[in-house]
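Comments concern the structure below.
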Amino acid sequence: MAKKLNLSYKDIEGSLKTLKVKSVQPSDVGYIILQAFGKSDADIRRYRERKGILASFSGLLIKGFFCFRAEETVRMTETLEALKHDPLVVKAAPKIIVVSDGKNVLAYDMREKDTYENPLNRMYCDFAFFYPLIGIERFHHVEENPADVKAAEKLAKLHDELRIYNEFSTVDDLHDLNIFIARLLFCFFAEDTNIFENNLFTSSIVCYTQEDGSDISNYLSSAFNIMDIRERNKDTLKIISQFPYVNGGLFSKQITIPHMGQKARKLLIECGELDWKNINPDIFGSMIQAVVNPEERANQGMHYTSVPNIMKVINPLFLDELREEYIRLQTEYAQALQHETEWRLGHDERTEKYKAAKEKVDRQSPLAKDSKRISDGCQKLLNRMGKMKFFDPACGSGNFLIITYKRLRYLEMDILKLQQQCDSNQGLLNGVLSSVISLSQFYGIELLDFPHEIAMLSLWLAEHQMNKVFQDSFGVNTNALPLKNITQIVCGNACRLDWNVVCPHTKEEEVFVFGNPPFDGKKEQSKKQKEDLQIVFNGIKGIGVLDYVSCWYMKALNYIKDYSIKASFVSTNSICQGEHVAVLWPILHKHGICLNFAYKSFEWENNARNNAAVHCIILGFSNKANSLKKKYIYSNSNGQFVRKNATQINSYLLDAPEVCMQKLGKSISQLTPMNYGSMPIDNGHLIIDDYDIDSILSESPADTKFIRTYIGGDELLNGNERKCLWIENESDYNSIKSTFIKNRIENCRKFRLESSRKETIALANQAYRFGEIRQPQKNYMALPKVSSERREYLPIALYDKHVIANGSSLIIPNQELSVFALLSSKIHMIWLKNVGGRLEVRYQYSAQLCYNTFPFPKITDSQREALGEAAEEVLITRAGHPEKTLAELYDPDKMPDDLREAHRVLDDLVDSCYPGYPFANDEARLECLFKLYEKMTSKK
């Protein structure tokens, strides 16, 4: 799978905008598209030289990626159809096929079976079709309401149509477009849910606008403006004044309505013909957010938070406690009914007895007394819920807030029904007047303009839907109009706003902070995000390694200090792994942060086809004064989460004392130093393939002595072989005769000179050498920097000193078998799982954090010899399966039985070196490792 390129929508738009004013040769169009979507100048030069492409193809054909052919205008369609079935193209399986005459573009998506057509000079405003070229596949909705999907698809088409015929170049233009889409959504929903008269909006477009769409913009402008006017002028046209006063801020600003034609009008009518009353605001908001941003649309599954995942956050944060209190009251009521039945049976007997004795009979039923107590408990719970505040400082289109609002309303209705039952037992006929849950309790911050608008709109829609359910249950009719202003959802940068201003509170108020902040790792962060980190952490050293989500923890730390506030965020799993722990958690603990619950790493639902999944954790926390007595750790077991009670939850999400593993420069167990392999820093110019070797052989066979086998993590695991140029000194460089090698070195020199890093520029003086050389002078062990989370053991290989190891592998400059045994053991894998970092969910090995911190006790020579013999048995057993790669040998589903047995013997020998052997389970092993680590480091 191609790596997703870090290109913004504006980057691509800017590149393609040159086609608006510049005439190009048809044969250049393919190269221009590739360059706009991330291919470098060096890549384009190679393609023009017919390298890296299928040379026998007439045009441009890159395997698994891209196909292009220039063609005359009249033959473009015919050629595209032919290419779709061309044997060479079918075998190469490109993502996109493109045909152009220099003025127009025809394209076909081989996976989606979808077609694209546009004038070349309009391509800059409609290019989402080509996003697969940067590793972003089209978003497919899974298990969503068909009404949501159809509506989102229609609005996406409308939005694309508007972008083709309107220039949205300024911030104000885009803001007006965002408001326009939000108003359309409201009107479609309103006419299907009795906020407006049935079908009022769509039928007005049909009846009162021209079929060619020439006057529809003026009509919608007048209609939207009248919805902000309470007192109407009697001279206002009936076809305008028929729309009710809406207010709420939705129609308060006069905006520029986009120019529309016949197709846009038709799409508007088709949108109106859908059934909008079944729209889910919590889901639909996120889907519509994708409509206005093609980049977001393509990658939308990465950001949409599904309802089950939202419930993982809000249930343990506050909803479970509220629901438990309701269930307690409900149980008490059931018990009261049982007591009443028993009392009545006894009451009848007592009545006859008392009558005979002419004594007064106690006729008071205990149910009335119990009902009053339970009803008072219901009211107390309702009062508490009505005073709570809910704050999402990364609210997007509002789905966390909406789900919370709806769940609270449903719980409120359950409580009210129980209260009504209790009141009727006391002879009371109190009716329900209104809901105690109001939108004024919900607060949010959103950076982007459109999702901010949609968040407010979605809350209005959710309120109306829940009011209808409330009306059906209790007969309480709430007027939908005019809308209430929602000023608590703020558009701004949550890292720079004062949260106390956005969501003010007293010491007594219960506030719950939650959400799904942006994850971006240090390599994905923009310049502005890096500045946010510096501002939020006030220049604390070392924070440059942190993921962007860490900002929300630091902001929350200051917000919850000394207050009755609890928080929970969805986060990248990396903040509880590797170097993050050593940087972030000492800061949080110093200020009194305490974890109350944690979901260990799990796969985030992502509906974007072929995209890498996102792996997350969920952390619930508060200050120590408000920490929960009951703490829980949730672990994923075969797709189901298992809850386990915990005494305390440490930074590694273990029920164990707090330990923040620091990077160490040398092994605490006195193991041979480990380092990364060598780094070429060459833009690929010192790495060669078989074709390149043929070129060198044809020019100067003697120069093949500079060709070495080149391995990294992928080659180690999968048995692939690559080659590199390895020239160690200037004398060797001066002896080179091959023009091919000299050109490669010159290209490497140019690449280094163009760098912004002065260290890289200095390396240009020795462009024939790798930029960073750490090649061992003797035979060595190597392990992959990244390894699958499914593996039970870490794959390790032995190499000759002449095989060059690159930076995706870690090396130990000897082949000591006892060290091989230690690193290949189960107990070492347990350490890696809990202390090492992760890349997505795969294990990411670090010499400083995994190897140097790994505690191993001193052992005798006989123990060391036994470990070496066990390691040798593992190597011999592996050699007995020459047809299998290391990846296959260590695939838990394919691991040979004899290799598994060899590892079992090795594991037992390594375990026996530790105090506490034999261990009951992996938790006992981990507890032993942490205790030994503390003991060994306390002496340092």
Step by step, work out the side-chain contact (heavy atoms from CB on, under 4.5 Å) result for Asp173 and Glu167. CA-CA 8 Å; Asp173 291 341; Glu167 286 282 351; 5.8 Å; no

Could you walk me through whether Lys530 and Asp532 satisfy the salt bridge (charged side-chain N to carboxylate O under 4.0 Å, His left out) test, starting with their C-alpha distance in whole Å, then the side-chain angles of each, then the deciding distance to 0.1 Å, before giving a yes or no? CA-CA 5 Å; Lys530 291 182 184 296; Asp532 287 342; over 6 Å; no

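- Ile560 pairs by the side-chain contact (heavy atoms from CB on, under 4.5 Å) definition with Ile565, Ile593, Phe621, not counting sequence neighbours.
- Evaluation of the ring pair (Phe, Tyr, Trp, His ring centres under 6.0 Å) rule for Tyr410 yields no partner, not counting sequence neighbours.
- When the options Tyr559, Phe512, Trp499 are evaluated for a ring pair (Phe, Tyr, Trp, His ring centres under 6.0 Å) with His505, the one that passes is Tyr559.
- In this structure, the ring of Phe186 has its center no less than 6.0 angstrom from the ring center of Trp460.
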Set out, in order, the CA-CA distance, both residues' side-chain angles and the distance that settles ring pair (Phe, Tyr, Trp, His ring centres under 6.0 Å) for Phe196 and Phe201, then state yes or no. CA-CA 8 Å; Phe196 289 175; Phe201 184 67; 7.4 Å; no

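- Remark: Arg384 engages Glu510 in a salt bridge, criterion side-chain N to carboxylate O under 4.0 Å.
- Annotation for Ile649 and Tyr632: closest pair CD1-O, 3.5 Å, computed over non-hydrogen atoms.
- Taking each heavy atom of Leu408 and Met385 in turn, the nearest pair found is O-CE, 3.7 Å.
- Using a 4.5 Å cut-off on side-chain heavy atoms (C-beta onward), Thr404 and Arg407 make no contact.
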Applying side-chain contact (heavy atoms from CB on, under 4.5 Å) to Ile489 and Cys395, what does each step give before you reach the verdict? CA-CA 8 Å; Ile489 310 296; Cys395 69; 4.1 Å; yes

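- Side chain to side chain, Glu509 and Ser564 fail the donor-acceptor criterion of an N or O pair below 3.5 Å.
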Evaluate the side chain to side chain donor-acceptor pair (under 3.5 Å) criterion for residues Asp547 and Ser574: first the C-alpha distance (whole Å), next the side-chain angles of each, then the deciding distance (0.1 Å), finally the verdict. CA-CA 8 Å; Asp547 288 356; Ser574 54; 2.4 Å; yes

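- Contact check for Tyr599 versus Leu619: no side-chain heavy atoms found under the 4.5 Å cut-off.
- Side-chain atoms of Asp392 and Tyr443 form no donor-acceptor pair, as typed in the model, at a separation below 3.5 Å.
- Shown here for Arg409 and Ser435, the closest heavy-atom pair between the two residues is NE-OG, 3.3 Å.
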Applying ring pair (Phe, Tyr, Trp, His ring centres under 6.0 Å), run through Phe602 and Phe641 and close with a yes or a no. CA-CA 10 Å; Phe602 65 96; Phe641 281 92; 5.4 Å; yes

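- Heavy-atom contacts from other residues, nucleotides or ligands closer than 6.0 Å to CD of Gln254 number 12 or fewer.
- Residues Tyr563 and Thr506 bring no donor and acceptor atom of their side chains to less than 3.5 Å of each other.
- A salt bridge links Lys253 and Asp176; the closest N-O separation between the charged side-chain nitrogens and carboxylate oxygens is under 4.0 Å.
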Dump the intermediate steps for ring pair (Phe, Tyr, Trp, His ring centres under 6.0 Å) on Phe189 and Trp276, then the final yes or no. CA-CA 5 Å; Phe189 181 83; Trp276 289 77; 8.1 Å; no

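- Side-chain contact of Lys312 with Asn309: a donor-acceptor pair under 3.5 Å is present, judged by distance alone.
- No side-chain donor-acceptor contact under 3.5 Å links His591 and Asn558.
- At distances below 3.5 Å, not a single donor-acceptor pair connects side-chain atoms of Lys389 with backbone N or O atoms of Ser440.
- The minimum heavy-atom distance linking Leu16 with Ala36 is given by the pair CD2-CB, 3.7 Å.
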